[in-house]
Amino acid sequence: MEPTIPEPRPAPVDAGAAGSSAQREYERRKAKRETRIREAHPRLGGLILAISDELQSTTAWAKGARGEELLGGGLDTLSDRGVRTLHDRRIPRTKANIDHVAVSPAGVFVIDAKRYKGRPALRVEGGILRPRVSKLMVESRDCTKLVAGVHKQVDLVRSALETAGFSDAPVRGMLCFVEADWPLFGGAFVIDQVDVLGPKRAAERLTSPGPLDQAAADELHRALAVLGHEVGDGVLM
């Protein structure tokens with residue numbers, strides 16, 4: 001009787017580091033500003049840097065990176081509940097990235113992390129005499145354009161899965177607002193087929209029963225990871 005040779009275990013998936021691209025962009029901008037000021041003011045450059053604030057357009061990258069790190073860390077804690085993650089996947093031929101992709105029996109979720117102050121809300125305008133329009137508001141700020149950005153990312157992930165032979169995989173977009181002023185109960189809503197919610201609600205959604213079994217979810221996760229190769233970050237091909 002010949003000995004049974006066990007099947008080789010698949011190599012572990014490199015999920016990536018949440019927020020790494022945003023953090024690098026912040027550090028690049030910060031270093032560029034410091035160099036510019038020190039070259040323009042050789043003697044006083046250090047003092048100017050010490051007493052002046054960074055530009056809001058620079059600090060926004062650090063703030064965004066922290067939001068992605070917080071959400072990514074929370075998503076990673078769901079691995080024991082069947083949630084598989086990929087973080088900071090670069091979009092080909094652009095400077096943009098997909099913050100997180102989570103795969104579970106509930107489906108494939110493309111998650112864009114935002115760290116804004118205020119409470120996200122759905123505003124519906126028009127109706128009888130005017131076309132009905134839904135807007136994503138954060139306090140008085142119109143953030144509806146974020147929804148279109150999520151749709152583009154969903155299309156990229158869906159295309160990647162079709163390339164790998166998973167054309168029927170359920171893919172959905174999420175906008176997850178980290179540290180927003182969410183109410184104790186409720187608050188989450190859907191706009192143009194994109195879920196808008198906080199980390200707690202996102203975790204509930206990801207760990208809810210769905211159309212996939214765990215083996216299928218793991219296979220989809222591995223397919224997306226294989227389609228991305230490491231060149232600094234994962235890249236969705």
Audit row: Ser21, Asn97, side-chain hydrogen bond (donor to acceptor under 3.5 Å, both in side chains) steps and yes/no: CA-CA 8 Å; Ser21 291; Asn97 76 309; 4.7 Å; no

Kindly give the heavy-atom pair with the smallest separation between [X] and [Y], and that separation in Å.
| X | Y | answer |
| --- | --- | --- |
| Cys176 | Gly198 | SG-C, 3.5 Å |
| Ala113 | His100 | CB-NE2, 4.0 Å |
| Arg172 | Val154 | C-CG2, 4.1 Å |
| Ile111 | Asp99 | O-CB, 3.4 Å |

Atom CD of Glu162: over 12 foreign heavy atoms under 6.0 Å: yes

For Arg81, does the CZ atom have more than 12 heavy-atom neighbours from other residues, nucleotides or ligands under 6.0 Å away?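 No, CZ of Arg81 has 12 or fewer neighbouring heavy atoms, counting only those of other groups under 6.0 Å.
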
Can you tell me which residue among His221, Arg222, Gln214 is in a side chain to side chain donor-acceptor pair (under 3.5 Å) with Asp218? Gln214

Any chance you could lay out the salt bridge (Lys or Arg N to Asp or Glu O under 4.0 Å) test for Glu125 and Lys135, step after step, and finish with the verdict? CA-CA 8 Å; Glu125 300 177 349; Lys135 294 183 178 181; 3.3 Å; yes

Ionic contact status for Asp181 with Lys117, cut-off 4.0 Å: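 Looking at Lys117 and Asp181, the cut-off is not met.
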
Derivation and outcome, salt bridge (Lys or Arg N to Asp or Glu O under 4.0 Å), residues Lys152 and Asp155: CA-CA 5 Å; Lys152 291 180 180 179; Asp155 289 343; over 6 Å; no

Would you say the side-chain atoms of Asp76 and His87 include a donor-acceptor pair closer than 3.5 Å? yes

Kindly confirm or rule out a cation-pi arrangement of Arg205 over Phe109, judged by NZ or CZ under 6.0 Å from the six-membered ring centre and within 45° of its axis? no

